[in-house]
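See structure below.
In listed order, ligands and their atoms are each counted from 1.
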Amino acid sequence: MKLLGAEFIKSSVSPEQFPADRLPEIAFVGRSNVGKSSLINSLLHRKKLAKVSKTPGKTRAINFFTVRTSDQHLPLLSLVDLPGYGYAKVSKTMRAQWGPMIEQYLEQRQSLGAIILLIESRVWMPQDVMTVQWVQSLGCGLIIVLTKADKLRQSERKPAVAAVRNACGLGPEVPILLYSAETHEGRDALWGEIRTQFKT
Ligand code: GDP
């Protein structure tokens with residue numbers, strides 16, 4: 001499968017600004033600094049489409065992209081980059097605004113087909129477990145990705161996946177993948193899971 005195009009559509013800070021529900025959407029969710037921008041860039045073979053920031057919590061808007069692949073069974077998709085949650089240094093008002101925005105998007109978006117939830121492979125927290133459980137309750141397709149896999153030793157890889165599966169109480173139907181945006185490990189596997197969720 002080849003990636004034929006990836007385009008930025010718009011940034012939205014409130015539901016009125018979301019683009020019309022048109023294309024099937026995949027939303028990327030994760031804690032600030034989990035490596036979400038890096039993963040999106042890696043997945044789309046681009047260097048700077050999603051911004052990679054050294055300052056966690058900078059991206060506060062929901063960013064929409066369209067993605068076209070050569071796979072005739074995979075429709076034109078909209079990829080949605082949600083702001084990272086849980087960064088302590090942003091103001092309370094800011095957090096109070098963006099929590100509901102993410103919730104509203106995930107709970108109400110008609111065209112949302114699957115959620116890719118990112119968790120840092122070495123540094124996962126109770127908040128990640130709570131997010132997994134909440135997202136699962138939405139009844140939408142779910143793929144868990146453990147990021148920064150290049151930081152794991154070989155012997156830590158399987159236990160890292162098993163630990164997240166156990167802590168979150170996830171059955172075998174929820175895929176958990178290891179991904180490294182540095183080496184692009186996991187890229188084909190993630191496209192494979194996306195294909196499983198969306199193929200027509
Ligand atoms: P975001 O806040 O979730 O969008 O995270 P970023 O993509 O901006 O990444 C946060 C930090 O983690 C940056 O310093 C990245 O260079 C680093 N990072 C992201 N992905 C990886 C990865 O796969 N491996 C390693 N070693 N570092 C990564």
**Q.** Pair R157 + E185, salt bridge at N-O below 4.0 Å
**A.** yes

Q. So, does V34 sit close enough to ligand 1 that a heavy atom of it is under 4.0 Å from the ligand?
A. yes

Q. Got an N/O contact under 3.5 Å between K151 and ligand 1?
A. no

Q.
Could you tell me, atom by atom, which parts of ligand 1 come under 4.0 Å of a heavy atom of N33?
A. 1 (P), 2 (O), 3 (O), 5 (O), 10 (C), 11 (C)

Q) Counting heavy atoms not belonging to K158, are there more than 12 under 6.0 Å from its NZ? A) no

Q) Can you tell me if D128 uses its side chain to pair, donor with acceptor, with the backbone of M125 under 3.5 Å? A) yes

Q.
Salt bridge check, E156 against R122: does any charged N sit closer than 4.0 Å to a carboxylate O?
A. yes

(Q) I need the atoms of ligand 1 closer than 4.0 Å to a non-hydrogen atom of A181, numbered in the order shown. (A) 20 (N), 22 (C), 23 (O)

Q. Quick one: does ligand 1 sit under 4.0 Å from the side chain of D150, the backbone, both or neither, non-hydrogen atoms only?
A. side chain

Q | T183 and D150: side chain donor to acceptor below 3.5 Å | A | no

Q: Could you check which of G35, S37, S121, G84 puts a non-hydrogen atom nearest to atom 9 (O) of ligand 1?
A: G35

Q. So, the side chain of N63 versus the backbone of D81: is there a donor-acceptor pair under 3.5 Å, distance only?
A. no

(Q) In this structure, does ligand 1 have an atom that sits under 4.0 Å from one of the heavy atoms of S180? (A) yes

Q: May I ask you to check if ligand 1 and S38 share an N or O to N or O distance below 3.5 Å?
A: yes

